[in-house]
Amino acid sequence: QVQLVESGGGSEQAGGSLRLSCAFSGFTDNKYCMAWFRHAPGKLREGIAAIDMDGNTAYADSVKGRFIISKANAKNILYLQMNSLKPEDDATYYCAAGRVFSLEEWAYEYWGQGTQVTVSS
C-alpha cells in the first residue's frame, strides 16, 4: 500500500533553515502530484507547496521565495527546504500525494503522519 513518512522536523530560531523529507512508497505508477501542507493550532490546514510529475511547482504566498519543494525520484523522497523561518511557520507539516496538481486538500488522497516544526523568535 502507499506509505508516506515525513522526517526532519525540529526546533529552529527565526531566520534559520530546516529541510523536511518525505519517503514515499507503494505507488503503482508515477502519475502522482505531491505536496506539503501544514497545520498550526487554531488554524485550518494550509497547502504550502506542490510539485507535479513534470517538476512544475506551486507555492502559497505565505512561503513563496522562502521555501523550495523538490523530489528525488530515484530515491523516492520529497523534500521541503525551508529558509528564513518565521515564528508563524510553527506548525505540524504533512506530505501528501494525489492525482491533481493543487494546493487544496481535496486533491490529495494519501497523507503522511506529520512532523513538527517549532520556530522560536
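Numbers for residues simply follow the sequence, beginning at 1.
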Looking at [atom1] of [X] and [atom2] of [Y], how far apart are the two atoms once the value is rounded to the nearest 0.5 Å?
{"X": "Lys71", "Y": "Thr57", "atom1": "NZ", "atom2": "OG1", "result": "12.0 Å"}
{"X": "Glu88", "Y": "Ser121", "atom1": "CD", "atom2": "OG", "result": "10.0 Å"}
{"X": "Phe27", "Y": "Asn76", "atom1": "CZ", "atom2": "CG", "result": "8.5 Å"}
{"X": "Asp52", "Y": "Ser102", "atom1": "CG", "atom2": "OG", "result": "12.0 Å"}
{"X": "Leu18", "Y": "Met82", "atom1": "CG", "atom2": "CE", "result": "4.5 Å"}
{"X": "Cys33", "Y": "Asp54", "atom1": "SG", "atom2": "CG", "result": "8.5 Å"}

If every non-hydrogen atom of [X] is compared with every non-hydrogen atom of [Y], which pair is closest and at what distance?
{"X": "Lys31", "Y": "Asp29", "result": "N-OD1, 2.8 Å"}
{"X": "Ala60", "Y": "Gly47", "result": "CB-O, 3.5 Å"}
{"X": "Tyr108", "Y": "Gly98", "result": "CD2-N, 3.4 Å"}

I'd like to check [X] versus [Y] (side-chain heavy atoms, cut-off strictly below 4.5 Å). Are they in contact?
{"X": "Val117", "Y": "Glu12", "value": "no"}
{"X": "Glu6", "Y": "Leu4", "value": "no"}
{"X": "His39", "Y": "Glu46", "value": "no"}
{"X": "Tyr59", "Y": "Ile69", "value": "yes"}
{"X": "Arg66", "Y": "Lys86", "value": "yes"}
{"X": "Ser17", "Y": "Gln81", "value": "yes"}
{"X": "Phe37", "Y": "Ile48", "value": "no"}
{"X": "Ile68", "Y": "Leu80", "value": "no"}

Check the orientation of Tyr94 and Trp111. Use parallel for under 30°, tilted for 30 to 60°, and perpendicular for over 60°.
perpendicular

Evaluate the ring planes of Tyr93 and Phe67, with Trp represented by its six-membered ring, and classify them as parallel (under 30°), tilted (30 to 60°) or perpendicular (over 60°).
tilted

Taking CD in Gln113 as the centre, count heavy atoms belonging to other residues, nucleotides or ligands within less than 6.0 Å. Is the count above 12?
yes

Suppose we call two aromatic rings close when their centres sit under 6.0 Å apart. Are Tyr110 and Phe24 close by that rule?
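They do not qualify: ring centres at least 6.0 Å apart.
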
Same hydrophobic cluster for [X] and [Y], using side-chain heavy-atom links shorter than 4.5 Å among ILVMFWY?
{"X": "Val100", "Y": "Met34", "answer": "no"}
{"X": "Val2", "Y": "Ile77", "answer": "no"}
{"X": "Leu20", "Y": "Tyr79", "answer": "no"}

Side-chain donor-acceptor pair under 3.5 Å between Asn73 and Lys75, yes or no?
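No donor-acceptor contact under 3.5 Å links the two side chains.
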
Donor + acceptor pair across side chains of Thr92, Gln116 (<3.5 Å):
yes

Tell me whether Arg38 is salt-bridged to Asp90, with the criterion being a basic N under 4.0 Å from an acidic carboxylate O.
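Answer for the salt bridge query: no.
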
Spell out, as yes or no, whether a donor-acceptor pair under 3.5 Å connects the side chain of Thr118 to the backbone of Ser11.
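A pair under 3.5 Å: no.
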
